[in-house]
Amino acid sequence: MTDTVNYPEVFDRGRRRIVRDRAYARAQGNDFFSQIMVDEILERLDVVKRDFRRALLVGLSAPKLGKALQDRGIAVVVADSSARLVQACGGVICDDDRLPFSDHSFDLIINIGSLDTINDLPGAFVLARRILIPDGLMLATFICAESFQALKAIMMVADGDRVSAHIHPQIDVRTAGDLMARAGLTMPVADSDSLQMKYSSLERLISDIRDAGGSNILSGGTSAIGPNVYRKIKALFQKQAASDGKFTERVALLYLCAWAPHPDQPKPARRGSGQVSLTTTLSGNADTNPDS
């Protein structure tokens with residue numbers, strides 16, 4: 001149960017489980033995008049001047065991330081909708097917006113590459129707030145809006161008059177920050193990092209997306225790419241390649257940070273004032289007086 005209203009099921013939960021199982025079987029959570037996100041999250045965690053004891057990890061890269069946290073002396077619990085992942089490292093099979101843990105179970109939650117494909121993102125943030133201890137930390141990251149614009153464009157052209165949804169709607173920075181605040185998480189910060197990727201083949205680009213669990217999981221049935229459309233996409237891919245034969249694609253990674261409320265927490269600066277840095281938020285010491 002969450003405090004949010006019931007939202008339409010944008011994603012097919014059963015298909016999502018299948019896609020994540022396949023993605024884990026392909027890359028074991030060591031896909032290109034997840035490796036970047038894990039490394040960045042660990043760097044941000046190192047900034048936090050806090051000792052954590054028990055962490056909940058969600059995402060296909062949980063085994064790698066879990067080992068890094070265990071090396072820091074943190075006990076780890078893994079949760080994901082992928083049965084393959086959970087069987088490989090132990091844990092709980094569940095969706096991010098249906099976490100079955102009791103209140104105040106963890107002092108740290110880290111979600112890698114998963115929150116963008118759940119049906120109830122506001123509910124997931126509410127659950128994170130509930131299962132964190134007061135003043136517990138949530139860190140999350142996923143591929144966000146403005147990603148794969150070049151691929152989307154050539155797919156639309158290849159589809160012709162019958163355009164189909166091949167890539168699910170993506171979340172932008174502002175929306176994510178607003179949803180964390182509405183869920184009751186404190187000192188929320190959302191920022192993004194843009195990657196300029198160069199691909200010599202369409203197959204490699206698609207493989208990177210599939211390795212990260214990025215296949216189509218929209219409800220209401222999926223529209224498979226037929227052979228004729230695929231040939232058109234490949235021809236457009238090659239046509240738009242630069243003189244070196246490489247196709248340039250932009251991928252934006254969104255990083256989220258927020259704390260479970262605690263009465264002793266300082267009040268953050270007014271939203272949009274630009275007075276609170278990411279480092280300050282990670283330290284949990286937001287300035288109560290922006291003019292000081």
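Atom set for the values below is all heavy atoms of this structure, side chains included, hydrogens, waters and symmetry mates excluded. In this text, all values refer to a predicted model and were calculated from it rather than measured experimentally.
Judged purely by atom type and a 3.5 angstrom limit, Q28 has no side-chain atom pairing as donor or acceptor with the backbone of L60. R250 contributes no side-chain N or O that, together with a main-chain N or O of M197, makes up a donor-acceptor pair within less than 3.5 Å.
With salt bridges taken as basic N to acidic carboxylate O contacts below 4.0 Å, one links D211 and R26. Taking 4.0 Å as the cut-off between side-chain N and carboxylate O, E249 and K198 do not count as a salt-bridged pair. Contact check on R72 versus D51 returns no salt bridge, with no Lys/Arg side-chain nitrogen under 4.0 Å from an Asp/Glu carboxylate oxygen. Between R204 and D208, at least one side-chain N (NZ, or NE/NH1/NH2) sits under 4.0 Å from a carboxylate O, which counts as a salt bridge. Salt bridge status for R16 with D95: present, with a side-chain N to carboxylate O gap under 4.0 Å. Ion pairing of D71 with K67 is present here, as a side-chain N (NZ or NE/NH1/NH2) and a carboxylate O approach within less than 4.0 Å.
Applying side-chain contact (heavy atoms from CB on, under 4.5 Å) to I143 and the options T117, L195, L253 leaves one that passes, L253. Under the side-chain contact (heavy atoms from CB on, under 4.5 Å) rule, L56 has a single partner from V76, I110, L99, which is L99.
A donor-acceptor pair shorter than 3.5 Å can be found between the side chains of S82 and D21.
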Test side-chain contact (heavy atoms from CB on, under 4.5 Å) on I112 and I41 and set out the steps.
CA-CA 9 Å; I112 304 288; I41 286 293; 3.7 Å; yes
For L139 and L45, run side-chain contact (heavy atoms from CB on, under 4.5 Å): C-alpha distance rounded to whole Å, both residues' side-chain angles, the deciding distance at 0.1 Å, then the answer.
CA-CA 8 Å; L139 295 172; L45 187 62; 4.0 Å; yes
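Summarising the geometry, atom CE belonging to M180 is positioned 14.0 Å from atom CZ belonging to R129; distances are rounded to the nearest 0.5 Å.
For CZ of R22, the number of neighbouring non-hydrogen atoms (other residues, nucleotides, ligands) closer than 6.0 Å is 12 at most.
Pairing each heavy atom of P188 with each of L185, the nearest pair is CD-O, 3.9 Å. Annotation for P261 and G184: closest pair CD-O, 3.5 Å, computed over non-hydrogen atoms.
Centroid-to-centroid, the aromatic rings of F247 and Y199 stay 6.0 Å apart or farther.
Applying the ring pair (Phe, Tyr, Trp, His ring centres under 6.0 Å) rule to F11 yields the partners H168; only residues at least two apart in sequence or on another chain are considered.
A cation-pi arrangement is present between R44 and Y255, with the terminal nitrogen or guanidinium carbon under 6.0 Å from the aromatic centre and inside a 45° cone about the axis.
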